[in-house]
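Just below is one structure, and these are the notes that go with it.
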Amino acid sequence: MKTRIKTLLADKPLGAQVAFAGWVRTRRDAGAFSFLEVGDGSSLANLQVIADSALGNYDSDIKALSTGCAVIVEGEVKASPAKGQEIEVLASRVEVVGWADPARYPLQKKRHSLEFLREISHLRPRTNVIGAVGRVRSYLGFAVHRFFQERGFVQVHTPIITTSDCEGAGEMFQVTSGGAPGKGEHFFGRPAGLTVSGQLQAEVYAMALGDVYTFGPTFRAENSNTSRHLAEFWMIEPEMAFCDLQGNMAVAVEMLKFLLDDLLAGCAEDMKLFDSFVEKGLLDKLRGVVEHEFARITYSEAVERLLASGKTFTFPVAWGLDLQSEHERYLTEEVFARPLIVTDYPASIKPFYMRVNDDGKTVAAMDILVPGIGEIVGGSQREERHDVLLARMQEAGIAIDDYQWYLDLRLYGSAPHAGFGLGFERLLQFVTGMANIREVIPFPRTPGFAPC
RNA sequence: UCCUCGGUAGCUCAGUCGGUAGAGCAGGUGGCUGUUAACCACCCUGUCGGCGGUUCGAGUCCGUCCCGGGGAGCCA
């Protein structure tokens, strides 16, 4: 019976005979035996194995072990007499099941640059930091589902292939059958693409099931080459019926605090690694977000603040112009030094589906900005009035015929509703401190890059 | 896509005024040690990102393309 190293390190079953399997991180030889550091991916920490020279395969196998080799170990758990680890396993058997030729294996015991590791995305999860990201990503993804499920939200699997663009959400990848016979020019009878957002379809289910959410992959064919953009990324999009902008913000803030708090408790070991080696002060930063209120200002107030700041910005500040990265960073990093919610943007710079405020000039939109990343959440109350929505769509040049289904939601039992989108990888960047988004998704897809 | 800085050994980098390339680590061999990124000695390692140009001669200068870092735009 194989036991996970995480379990052995937590339970410390001194005197017990155990069996486990993993990959050798390092081998150090001492006179009559060798130290093997073995990890199985279940935790950041490895388990030290004492392999005595009396073992039958000591000279043939154990002395030849190197970083990356796969082994199955059986032995007795003992208290370690030396510093660095509490327990170790005195091996009665070490079976090598997979060699890793040290002359060719790219991973060394040393640190590697993240850029180099990206070139070997099939091997990089074996490193401490990328392995930790993998565990944290999994934990956080499950926490997202827990947050919504515990509050009665219903998950909706919105389509990956879609025929409706979500205006303002960037370029779509085109989907074709590559000339597969029998369906004419278009497999679906019309042009189709990969989804850029599940929001519009989520609204359909919100108007039937109440509170819903999507959590799935999203695709953008933008030629974006930055540390914050991917061509394929995962988005969390709740959509709530009978909900206004205030309720929307409340859910977004509660969700962020829940996720951070849960992660700090549930991934303490990995989070400590990020705090020590990736972003100093990360844990304090995250605790601060959990414990403090988010700052809130309207777009109009933000413009006033920027104009009154006396700062010289590269891009102009004026009511009606969108806030640039430098403006958002100044507000969230310098003025407030904590997460900041900016609301009520000019209608002219926001998509058609956002609800027009009574002033006729602004919409019930909200962006949550966080220090270091910028925009992490974007949401709004949706326009529920058929006539207003139709006018906005015509104004925006939307092909009305393609969106009758969306307009129908406002024709039959329309209700106020609201929702937001959260970029899962942006959140992971924020919680791990990883500077480049390519490090927080297992297989990053960027322009010109998709090796496997 | 734009601005900017880079691409030299498996990795991280140095390479002066244009004169045919070096260090540390990794790897190999041997030694030593309850070791912790072990240590000591010796040995091996190159399409200097690709293509083209200038030159007696290019890692070095010029052009162009590809890739990466940082910043920006677009956005999540």
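Quick note on labels: first sequence line is chain A, next is B, and so on, each numbered from 1.
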Any A:Arg438 side-chain nitrogen or oxygen under 4.0 Å from OP1 or OP2 of B:rG69: yes
Integer angstrom distance from the C1' of B:rU16 to that of B:rU33: 44 Å
Test log, rule ring pair (Phe, Tyr, Trp, His ring centres under 6.0 Å), inputs A:His145 and A:Tyr213: CA-CA 9 Å; A:His145 285 293; A:Tyr213 71 104; 5.6 Å; yes
Exercise: identify the closest heavy-atom pair between A:Phe33 and A:Ile50: CD1-CG2, 3.6 Å
Comparing A:Arg329 and A:Asn436 on RNA chain B - which has the more 5′ nearest nucleotide: A:Asn436
Along RNA chain B (nearest heavy atom to each residue), the more 5'-positioned of A:Arg111 and A:Gly378: A:Arg111
Touch class at under 4.0 angstrom, heavy-atom based, for A:Leu230 against every strand present: base
Aromatic ring pairing A:Tyr403/A:Phe352, orientation class (parallel under 30°, perpendicular over 60°, tilted between): perpendicular
Geometric class of the A:Tyr299/A:Tyr345 ring pair [parallel <30°, tilted 30-60°, perpendicular >60°]: tilted
Proximal nucleotide (of B:rC11, B:rA72, B:rG27) relative to the A:Ser325 side chain: B:rA72
Sugar-phosphate only, base, or nothing, as touched by A:Phe116 at under 4.0 Å among non-hydrogen atoms: sugar-phosphate
Whole-Å distance separating the CD atom of A:Gln85 from the P atom of B:rA37: 10 Å
Nearest to side-chain heavy atoms of A:Glu222, which nucleotide of B:rU1, B:rC74, B:rG70: B:rC74
Test: A:Lys285 cationic atom under 6.0 Å from A:Phe430 six-membered ring centre, within 45° of axis: yes
base_contact_polar (B:rC11 base, A:His112 side chain, donor-acceptor, <3.5 Å): no
Sub-4.5 Å side-chain heavy-atom contact between A:Ile236 and A:Phe420: no
Secondary-structure string, 5' to 3', Watson-Crick or G-U under 3.5 Å, | for another-strand partners, for RNA chain B: (((((((..((((.....[..)))).(((((.......))))).....(((((..]....))))))))))))....
B:rC25 OP1/OP2 closer than 4.0 Å to side-chain N/O of A:Lys109: no
Nearest listed nucleotide, side chain of A:Gln48, among B:rU12, B:rG71, B:rU36: B:rU36
Any donor-acceptor N/O pair under 3.5 Å between B:rC74 base and A:Ser224 side chain: yes
Base B:rU1 paired with A:Asn225 side chain (donor-acceptor, <3.5 Å): yes
Touch class at under 4.0 angstrom, heavy-atom based, for A:Gln108 against every strand present: base
Touch class at under 4.0 angstrom, heavy-atom based, for A:Arg118 against every strand present: sugar-phosphate
Sugar-phosphate, base or nothing in reach of A:Glu232, heavy atoms under 4.0 Å: nothing
Phosphate-side-chain proximity, A:Arg28 and B:rA38, N/O vs OP1/OP2 below 4.0 Å: yes
Distance between C1' atoms of B:rG49 and B:rG68 (Å, rounded): 11 Å
Stacked cation flag A:Arg118 on A:Phe449, 6.0 angstrom / 45 deg: no
Given B:rG73, B:rU35, B:rG68, the nucleotide with the shortest approach to the side chain of A:His229: B:rG73
